[in-house]
Amino acid sequence: MPELPEVETMRRDLQKVARGTAITDVEVLDEKVVVGEPDVFIEGLVGKMITDFDRRGKVLILRLNDGHALLGHPRMTGRFFGLKSTDALSRFARVAIHLDNNKRIVFDDIRRFGRLEVVSQAALDEAELLRNIGADALACEPGHVVQALRKRTIPVKVALLDQKIIAGIGNIYASEILFRCGLDPRTPSYRVTPDEAAAIACETANVLAEGVKYRGTTISDYRTMDGARGNYQDRLMVYGREGGTCLREGCDGIIQKIALAGRSTYYCNKCQRKGRNRK
DNA sequence: GATAATGTTCGATC
DNA sequence: AGATCGAACATTAT
């Protein structure tokens with residue numbers, strides 16, 4: 001479930017728990033969530049110090065002092081918990097990383113779609129988890145969005161979910177971004193004007209930064225590292241508000257729910273149009 | 001019991 | 001060849 005704001009919150013919390021610590025032991029409780037051989041994964045981590053905490057799109061990048069990196073992608077239900085070494089694991093715990101500060105980082109994942117991967121510095125860009133990741137959404141540039149949308153026929157909302165175009169936007173924030181732009185999510189990408197594409201770049205950064213500020217959106221499974229819920233769900237303008245009145249000042253439209261590329265999409269039937277000066 | 005879920009990938013089709 | 005679409009993955013919560 002996590003999108004960029006949720007993963008960024010994980011990054012910050014992980015940093016608090018694990019900065020400058022060394023990994024003393026790794027338990028792979030479910031081989032499915034580890035890319036490659038579990039033995040190789042474990043050997044790549046034990047005895048290493050965690051030096052830096054980065055993120056690209058929805059991928060966490062923990063740098064190790066030997067030049068390798070631990071990558072993590074939570075996909076739909078993955079989350080990280082910071083536990084004392086005596087705390088019990090949940091039944092969804094998949095990997096436990098023991099640290100020399102008497103704490104554990106636990107990767108917990110109900111649906112088992114999430115993945116953890118260890119790669120060398122040199123192989124970072126070819127890593128399974130980073131292979132299809134483009135420019136990060138928080139550094140989204142107008143010119144880049146204009147170019148990316150220009151020749152595509154897919155609905156603009158579907159384009160926003162393409163991690164190769166912009167990395168970090170997910171299904172909740174995509175609807176929120178287009179609401180702020182006043183753009184109909186079904187608009188074919190090639191019909192989005194350069195000005196509208198620039199607005200998308202701007203609102204993408206705005207919405208995601210706000211999501212980070214509120215520590216993410218919890219609708220059901222997402223939890224921060226200490227088990228708390230995010231707070232952005234109370235600020236959503238359209239996602240999950242099917243049938244509700246538009247919250248834009250002066251607009252009395254009704255929020256619609258449709259499916260695009262198989263994903264729920266929410267928009268206001270009055271103030272989100274298929275391109276300005278068009279209809 | 002049917003349905004939907006904050007994500008990505010792959011095979012089939014256009 | 002490249003773009004697009006739907007199914008698949010796995011499991012829970014409602």
Side-chain angles (χ1 to χ4, degrees), chain A residues 1-11 29-35 55-60 71-80 90-94 107-117 126-134 137 148-179 185-190 204 207-208 210-212 214-224 228-242 257-266:
Chain A
M1 315 137 79
E3 307 181 33
L4 185 148
E6 292 73 33
V7 178
E8 174 62 17
T9 301
M10 291 175 185
R11 186 190 75 79
L29 306 162
D30 181 359
E31 299 190 0
K32 191 170 192 298
V33 308
V34 171
V35 175
R55 178 192 55 72
R56 207 186 287 176
K58 302 170 192 169
V59 182
L60 273 168
L71 309 180
H73 195 317
R75 293 281 178 91
M76 288 294 262
T77 51
R79 46 201 181 176
F80 288 91
S90 92
R91 59 188 271 236
F92 308 118
R94 308 299 176 191
F107 181 65
D108 183 285
D109 186 0
I110 295 173
R111 289 171 70 177
R112 303 166 79 209
F113 288 165
R115 292 290 180 271
L116 298 182
E117 179 178 19
E126 291 94 61
E128 195 167 306
L129 298 190
L130 289 175
R131 203 179 295 157
N132 295 316
I133 304 300
L149 298 183
R150 195 174 230 163
K151 293 180 177 173
R152 309 294 295 272
T153 63
I154 50 175
V156 60
K157 191 260 187 170
V158 177
L160 292 188
L161 292 178
D162 184 341
Q163 302 299 299
K164 225 163 188 166
I165 297 176
I166 306 174
I169 302 173
N171 204 38
I172 293 177
Y173 295 98
S175 283
E176 296 297 312
I177 289 164
L178 293 175
F179 170 77
R186 297 167 295 183
T187 309
S189 297
Y190 67 87
T204 292
V207 170
L208 296 182
E210 230 174 84
V212 171
Y214 287 92
R215 296 177 59 76
T217 300
T218 296
I219 286 173
S220 57
D221 309 283
Y222 169 69
R223 291 291 124 87
T224 63
R229 303 167 74 91
N231 299 298
Y232 199 72
Q233 62 277 7
D234 301 328
R235 313 189 81 80
L236 297 172
M237 303 298 276
V238 289
Y239 189 89
R241 296 196 58 246
E242 180 187 14
K257 178 185 182 181
I258 59 170
L260 289 179
R263 314 292 308 277
S264 302
T265 303
Y266 299 84

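Quick note on labels: first sequence line is chain A, next is B, and so on, each numbered from 1.
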**OP:** May I ask you to say what Thr153(A) touches in the nucleic acid, namely base, sugar-phosphate or nothing, with a heavy-atom cut-off under 4.0 Å?
**Re:** sugar-phosphate
Subject >> Donor + acceptor pair across side chains of Tyr173(A), Glu6(A) (<3.5 Å) >> reply: yes
**OP:** Respond yes when some side-chain nitrogen or oxygen of His73(A) is under 4.0 Å from OP1 or OP2 of dT8(B), and no when none is.
**Re:** yes
Original post:
Taking the same atom, P, in dG11(B) and in dA10(C), what whole-Å distance lies between them?
Top reply: 16 Å
Original post:
With a non-hydrogen cut-off below 4.0 angstrom, is Gly170(A) in contact with a base, only sugar-phosphate, or nothing?
Top reply: sugar-phosphate
Original post:
Contact class for Tyr173(A) (heavy atom, under 4.0 Å): base, sugar-phosphate, or nothing?
Top reply: nothing
**OP:** Kindly point out which of dG7(B), dT6(B), dA5(B) is positioned nearest to the side chain of Tyr222(A)?
**Re:** dT6(B)
**OP:** Mind checking the NZ-CG spacing from Lys58(A) to Leu129(A)? Nearest 0.5 Å is all I need.
**Re:** 13.0 Å
Original post:
In whole Å, what is the span from the CD atom of Glu8(A) to the P atom of dT6(B)?
Top reply: 22 Å
**OP:** Starting at atom CG of Asn132(A), determine the distance to atom C1' of dT9(B), rounded to an integer number of angstrom.
**Re:** 8 Å
Original post:
So does Gln163(A) get a side-chain nitrogen or oxygen closer than 4.0 Å to the phosphate oxygens (OP1/OP2) of dT8(B)?
Top reply: yes
Original post:
At under 4.0 Å, does any side-chain N or O of Lys58(A) touch on OP1 or OP2 of dT6(B)?
Top reply: no
**OP:** Using whole Å, report how far CG of Leu160(A) lies from P of dG7(B).
**Re:** 12 Å
**OP:** Calculate the interatomic distance between Ile154(A) atom CD1 and dC14(B) atom P; express it in whole Å.
**Re:** 19 Å
Original post:
So what's the dot-bracket for DNA chain C: Watson-Crick or G-U pairs under 3.5 Å, [ ] if a pair crosses, | if it pairs off-strand?
Top reply: .||||||||.||||
Subject >> Where Gly134(A) and Ala167(A) come nearest, the two heavy atoms and their spacing >> reply: O-CB, 3.6 Å
Original post:
Mapping Ser220(A) and Val158(A) onto DNA chain C by nearest heavy atom, which one lands closer to the 5' end?
Top reply: Val158(A)
Subject >> Residue among Asp109(A), Val34(A), Asp108(A), Leu116(A) satisfying side-chain contact (heavy atoms from CB on, under 4.5 Å) with Arg94(A) >> reply: Asp109(A)
Original post:
Between Glu3(A) (CD) and dA5(B) (C1'), how many Å, whole number?
Top reply: 12 Å
**OP:** Identify whether any heavy atom of Arg263(A) sits under 4.0 Å from a base atom; if not, whether one sits that close to sugar-phosphate; answer base, sugar-phosphate or nothing.
**Re:** base
**OP:** Using atom CD1 of Ile258(A) as one end and atom C1' of dA4(B) as the other, report the distance to the nearest whole Å.
**Re:** 17 Å
**OP:** Would you kindly give the NZ-to-C1' distance between Lys257(A) and dT6(B), to the nearest whole Å?
**Re:** 13 Å
**OP:** Would you mind classifying the nucleic acid contact of Arg111(A) as base, sugar-phosphate or nothing, using non-hydrogen atoms under 4.0 angstrom?
**Re:** base
Original post:
NE2/His73(A) to CD/Gln163(A) distance, rounded to the nearest 0.5 angstrom?
Top reply: 6.5 Å
Subject >> Check: Arg152(A) side chain, Ala148(A) main-chain N or O, donor-acceptor pair, under 3.5 Å >> reply: no
**OP:** Quick one: closest heavy-atom pair of Ala137(A) and Leu4(A), and the distance?
**Re:** CB-CD1, 4.0 Å
Subject >> Residue met sooner reading DNA chain B from 5', once Glu128(A) and Glu6(A) are mapped to nucleotides >> reply: Glu6(A)
**OP:** Identify the 5'-most and 3'-most nucleotides of DNA chain C with at least one atom closer than 4.0 Å to a non-hydrogen atom of chain A.
**Re:** dT4(C) to dT12(C)
**OP:** Decide yes or no for Thr77(A) and Phe92(A): does some side-chain heavy atom of the first lie under 4.5 Å from some side-chain heavy atom of the second?
**Re:** no
Subject >> Note, Leu208(A) side chain near Ile169(A) side chain (heavy atom, < 4.5 Å) >> reply: yes
Original post:
With a non-hydrogen cut-off below 4.0 angstrom, is Arg79(A) in contact with a base, only sugar-phosphate, or nothing?
Top reply: nothing
Subject >> N/O donor-acceptor pair under 3.5 Å between Thr265(A) side chain and Arg263(A) backbone >> reply: yes
Original post:
What nucleotide, of dT6(B), dA5(B), dT8(B), holds the atom closest to the side chain of Tyr266(A)?
Top reply: dA5(B)
Subject >> From Leu71(A) atom CG to Ile133(A) atom CD1, the distance as rounded to the nearest 0.5 Å >> reply: 10.5 Å
Subject >> Nearest-Å distance once atom C1' is located in both dT6(B) and dT4(C) >> reply: 23 Å
Subject >> Nucleotide dA5(B), atom P - distance to CD of Gln233(A) in whole Å >> reply: 17 Å
Original post:
Looking across every strand, which nucleic acid part, if any, lies under 4.0 Å from Ile219(A) by heavy atom: base, sugar-phosphate, or nothing?
Top reply: base
